[in-house]
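Take a look at the structure set out below.
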Amino acid sequence: MDTKVGYFASIEQYKPMDALEQSVRAEKVGFDSIWVDDHFHPWYHDDAQSGQAWAWMGATLQATKKVFVSTCITCPILRYNPGVVAQTFATLRQMYPKRVGIAVGAGEALNEVPVTGQWPSVPERQEMTVEAIEVMRKLWESDKPVTFKGKYYNLEKAFMYTKPDDEVPLYFSGMGPKGAKLAGKYGDHLMTVSADTDTLRNMTIPKFEEGAKEAGKDPKKMEKAMLIWYSVDPDFEKAVEGNRFWAGCLVPSMFKYRVSDPPEVQAHANLVHTDTIKKNFLCATDAEGLIKEIERFKEAGINHFCLGNSSPNVNYGIDIFKEVIPAVRD
Ligand SMILES: C[C@H](OP(=O)(O)OC[C@@H](O)[C@@H](O)[C@@H](O)CN1c2cc(O)ccc2Cc2c1[nH]c(=O)[nH]c2=O)C(=O)N[C@@H](CCC(=O)N[C@@H](CCC(=O)O)C(=O)O)C(=O)O
Ligand SMILES: CCCCCC(=O)CC
């Protein structure tokens, strides 16, 4: 499978219109895909944003010409009803054939707690995600009204009148071993997030493949996508600090506990050591440095990169890919 290079346009980090303009530029530079975070609260507080992902996708699909656009990722279990998630993505894909995808996952307290007050355990959220996917697929696939009584969601003679010609490709996020296996079993493709290459090679990808095989699918035909942030600047230390906005994601407790207050997340993010940022995110001074970093993850089995641009000069961080993309594509 060919390696794809995607641009992660963050509407937590940038104003929605700025992220849209970045996406238009990224398409011209040659990126294969555009990905957007689906958040209610952002991962940082100072100068942060929290635009609504689906509204942004409609505008970005119209402003770009042919690039694939997907969330990275949507949690379809609490603040969103899975039936409405299915309807939104079916509408977008009917309007922009072949260009729309969705990535789903078990969620973050940052997005669910502020507007629902609920935060079930990881196993329960994973179970809810699997059931939400079942609901979405029933609505996408059925040519008759659907009645369904699940543990978490119900459908009562629900029918989706607006459908695309084909199904919306569904990426499933797995970060831990159980999540990765569920991704193989229930997703069309894997979505994961920046981790060390040994974890990807020895845990995430094998678990994903195990899940896919159990479900009778061929994992070779499934993408292994990964969100990772990068920052490029001739001054290396400046490049490293560019990634600081996302350092809260490197604190494991943020995913387990009910932390939903951006100033609190930011306080944790500011304590993350620069060595941890260097190890987990891509920090480079030039195109050659970025190519070398991307190759490391390709060797670990990643074949679709969703690259979040945290470079001090954002346009430089996009344009440099004129050189990087041809070098990392097979
Ligand atoms: C927490 C891990 O769960 P997992 O299901 O593997 O991954 C969860 C993530 O997918 C979600 O949080 C996802 O929503 C995050 N996310 C995101 C993910 C991604 O790959 C790319 C981009 C994004 C951007 C994004 C996200 N979310 C949004 O809402 N919006 C976005 O834009 C995990 O570690 N799972 C482990 C099991 C852990 C577990 O069960 N622990 C038990 C205790 C066990 C013990 O006793 O030690 C517990 O906590 O109760 C696993 O194996 O799956
Ligand atoms: C470990 C990072 C998981 C992804 C966090 C996120 O929501 C980014 C948009």
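One-based numbering, in listed order, for ligands and for the atoms of each.
Lys98 and Asp166 are joined by a salt bridge, as a carboxylate oxygen and a charged side-chain nitrogen come within less than 4.0 angstrom of each other. Ion pair Asp188/Arg137 flagged as a salt bridge, since at least one NZ, NE, NH1 or NH2 atom sits closer than 4.0 Å to an Asp/Glu carboxylate oxygen. Between Lys65 and Glu27, none of the side-chain N atoms (NZ, or NE/NH1/NH2) sits under 4.0 Å from a carboxylate O, so this pair counts as no salt bridge. Using a cut-off of 4.0 Å between Lys/Arg side-chain N and Asp/Glu carboxylate O, Arg79 and Asp38 are scored as salt-bridged.
For atom 10 (O) of ligand 1, the candidate residues are Ser173, Gly105, Pro177; the nearest heavy-atom contact is made by Ser173. Closest heavy-atom approach to atom 41 (N) of ligand 1 among the candidates Asp37, Ile11, Val122: Val122. Of the listed residues (Ala183, Ala225, Gly176), the one carrying the non-hydrogen atom nearest atom 6 (O) of ligand 1 is Gly176.
Contact annotation for Thr192 and ligand 1: only backbone heavy atoms (N, CA, C, O) come within less than 4.0 Å of the ligand. Residue Asn111 touches ligand 1 through its side chain alone, judged by heavy-atom distances below 4.0 Å. With a heavy-atom cut-off of 4.0 Å, His39 touches ligand 1 through its side chain alone. Residue-level proximity to ligand 1 for Gln126 is carried by the side chain, the only part with a heavy atom below 4.0 angstrom.
Here the closest heavy-atom approach between residue Gln49 and residue Pro16 is recorded as OE1-CD, 4.0 Å.
Using bins of under 30°, 30° to 60° and over 60° for the plane-to-plane angle, the ring pair Trp229/Trp246 lands in the parallel bin. The aromatic rings of Phe245 and Tyr44 sit tilted, their planes meeting at an angle between 30° and 60°.
Within 6.0 Å of NZ in Lys278 there are more than 12 heavy atoms belonging to other residues, nucleotides or ligands.
Counting heavy atoms from C-beta outward, Met128 and Leu78 have side chains that approach closer than 4.5 Å.
Shown in contact with Pro123 at under 4.0 Å from a heavy atom are these atoms of ligand 1, numbered in order with element: 40 (O), 50 (O). Those atoms of ligand 1 with a heavy atom of Leu227 less than 4.0 angstrom away are 22 (C). Residue Val193 has at least one heavy-atom neighbour below 4.0 Å for each of these atoms of ligand 1: 20 (O).
Within the cation-pi definition used here (under 6.0 Å to the ring centroid, within 45° of the axis), Arg125 qualifies as a partner of Trp119.
Taking distance alone, with nitrogen or oxygen atoms compared against 3.5 Å, Asp38 approaches ligand 1 more closely than that limit. Every N/O-N/O distance between Ser121 and ligand 1 stays at or above 3.5 Å. For ligand 1, one of its N or O atoms has an N or O atom of Cys72 under 3.5 Å away. Checked against a 3.5 angstrom limit, the closest N/O atoms of Ile73 and ligand 1 fall inside it. Taking distance alone, with nitrogen or oxygen atoms compared against 3.5 Å, Gly179 approaches ligand 1 more closely than that limit.
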Inset, instruction - Show the numbers, then the answer: is there a ring pair (Phe, Tyr, Trp, His ring centres under 6.0 Å) between Tyr230 and Phe321? - result: CA-CA 12 Å; Tyr230 73 96; Phe321 275 82; 5.2 Å; yes
May I have every N or O pair linking ligand 2 to the protein at under 3.5 Å, one per line with atom names and distance?
unit_1, atom_1, unit_2, atom_2, d
ligand 2, 7 (O), His39, NE2, 2.7
ligand 2, 7 (O), Trp43, NE1, 2.9
ligand 2, 7 (O), Glu108, OE1, 3.2
ligand 2, 7 (O), Glu108, OE2, 2.7

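In terms of protein heavy-atom proximity, atom 46 (O) of ligand 1 is nearest to Lys256 NZ, 4.8 Å. Among protein heavy atoms, the minimum distance from atom 15 (C) of ligand 1 is reached at Glu108 OE2, 3.2 Å. At the shortest separation from atom 14 (O) of ligand 1 among protein heavy atoms lies Gly107 N, 2.8 Å.
Between Trp35 and His304, a ring centre-to-centre spacing shorter than 6.0 Å is recorded.
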